[in-house]
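Just follow the structure's listing: the first ligand is 1, and inside any ligand the first atom is 1.
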Amino acid sequence: PSPDPSDVDVVVIGAGQAGLSAAYHLARKGFVAPWARAGEAPTYVVLDGEAGPGGAWRHRWRSLRMATVNGIHDLPGMALPEPPASAPANEALPAYFERYERELGLPVVRPVRVRAVRRDGGSAPLHDHEAGVAHEGGAAHEGGVGAGRLVVETDAGTWSARAVVNATGTWTKPFWPVYPGQETFRGRQLHTADYGRAADFAGAHVVVVGGGISAVQLLDEISQVAAGTTWVTRREPVFRDGAFDAEAGRDAVARVEERVRAGLPPRSVVAVTGLLWTPALRAAAARGVLVRHPMFTRIEPDGVRMADGSFRRADVILWATGFRAQLDHLAPLHLRNHGGGITMDGTRVVAEPRLHLVGYGPSSSTIGANRAGRDAVREIVAALRVHAAA
Ligand code: FAD
């Protein structure tokens with residue numbers, strides 16, 4: 001294998017659940033690694049910034065066990081072996097992803113960090129050696145998929161592709177809100193993405209900010225060792241009883257889909273589903289830990305000023321405030337509309353039809369990522385064929 005940069009038909013960026021799903025479907029459609037070029041077979045490569053398999057699962061905190069994740073959908077075509085419930089997700093899932101990549105022979109090249117994706121600027125005709133036709137390069141809006149190339153600049157050289165599947169997740173883009181006085185705080189501030197283990201907070205006063213699943217899970221475990229915890233959220237959290245059925249799931253996904261189709265920034269699927277009561281959370285509630293306060297109004301050197309004017313001491317502020325889609329490397333494509341969102345049609349970016357976003361917005365769950373990878377590949381195959389035939 002020679003992972004040297006080259007021209008391929010499709011570059012997939014990111015080897016988490018979404019990127020591997022796209023890779024699986026490309027392989028099924030007959031796409032091969034550029035170094036294994038077989039006749040006229042179209043080529044693809046997966047560029048991943050990690051040192052090894054597993055996507056963001058490599059970095060989840062150790063106390064996130066297979067028993068405490070929300071439910072992980074298998075990668076397409078290979079069942080997740082039954083790991084013990086006590087297995088840390090940051091070991092069990094990378095091991096599964098490693099086996100998946102190896103057994104399916106997926107052309108993942110790592111560590112390769114994509115710095116920028118640009119439109120091939122030249123207006124000169126580009127020769128497409130795969131399709132054997134020459135066609136005009138330039139703006140995607142004019143030519144559609146297949147016209148010209150997207151240039152993928154990385155820390156390991158420059159690739160070029162007729163289509164790009166972006167599957168870069170959110171983990172590398174933690175969201176930190178800004179509050180007055182933040183810079184004066186004498187204690188420690190960290191984000192969920194930096195969280196290691198509860199023992200680090202033994203004896204401390206900890207303010208946990210955020211209303212998502214991570215926030216309540218971490219609040220629960222920190223409260224068992226801390227001197228005290230304060231939980232603040234912007235909105236009143238909504239807890240739900242019982243399982244989240246398929247219909248409710250579809251409804252939640254549809255609502256996020258509607259947002260991105262309208263060009264609005266996505267909200268997480270969890271933001272529209274609410275929090276599910278678990279035995280651990282019921283126990284935390286019984287211990288009096290799940291007492292939610294409205295967001296504090298400012299941060300002071302030794303604590304936070306609450307909305308009612310009272311003061312809470314804090315040694316630590318844990319920002320469990322979520323993540324945003326990691327799309328920094330797509331900035332040269334100027335995809336954002338005036339509302340700050342990216343207008344989508346399914347997985348396809350309306351302003352750049354050669355680009356698909358998978359694991360984005362409505363597909364930011366393991367099952368959504370699987371489907372998005374499949375849908376993106378179906379469209380890319382159709383678009384490349386249409387162009388080759390034109
Ligand atoms: P990731 O797994 O983040 O993969 C993205 C990959 O792209 C990474 O390897 C990253 O290094 C790489 N990358 C990023 N930028 C670049 C770049 N510029 N160049 C090259 N590579 C790059 N979902 C569920 O369905 N069930 C759960 O139980 C569940 N639990 C979760 C728990 C936590 C704490 C969090 C934060 C999320 C959870 N999710 C869960 C949502 C989960 O993130 C998604 O389901 C899914 O794992 C995301 O897959 P992905 O492929 O989109 O992203």
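Annotation for R28: atom CZ does not count as buried by contact number, only 12 or fewer foreign heavy atoms lying within 6.0 Å.
Scanning all protein heavy atoms for the shortest distance to atom 29 (C) of ligand 1 gives W57 CH2, 3.6 Å. Here the protein heavy atom with the shortest distance to atom 5 (C) of ligand 1 is A167 O, 3.4 Å. Counting only heavy atoms of the protein, atom 18 (N) of ligand 1 lies nearest to V114 O, 3.0 Å. The protein heavy-atom contact nearest to atom 2 (O) of ligand 1 is A56 N, 3.0 Å. Among all non-hydrogen protein atoms, the one lying nearest atom 14 (C) of ligand 1 is T168 O, 3.3 Å.
At under 3.5 Å, not a single nitrogen or oxygen of A369, backbone or side chain, sits near a nitrogen or oxygen of ligand 1. Annotation: L64 places no N or O atom under 3.5 Å from an N or O atom of ligand 1; distance criterion only.
Under a 4.0 Å criterion applied to the non-hydrogen atoms of V112, ligand 1 contributes the atoms 19 (N), 20 (C).
Evaluated by nearest non-hydrogen atom to atom 43 (O) of ligand 1, the leading choice among H329, R60, Q17 is R60.
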Query raised in the report: D375 and H356: side-chain hydrogen bond (donor to acceptor under 3.5 Å, both in side chains), yes or no, with the steps?
Result: CA-CA 9 Å; D375 294 350; H356 288 254; over 6 Å; no

Requested in this report: Take D120 and R162, measure what salt bridge (Lys or Arg N to Asp or Glu O under 4.0 Å) needs, and give me the verdict at the end.
Outcome: CA-CA 10 Å; D120 191 315; R162 298 168 70 196; over 6 Å; no

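Here the side chains of L190 and F201 are in contact, with some heavy-atom distance below 4.5 Å.
When the options F323, W171, W61 are evaluated for a ring-ring contact (aromatic ring centres under 6.0 Å, His included) with H191, the one that passes is F323.
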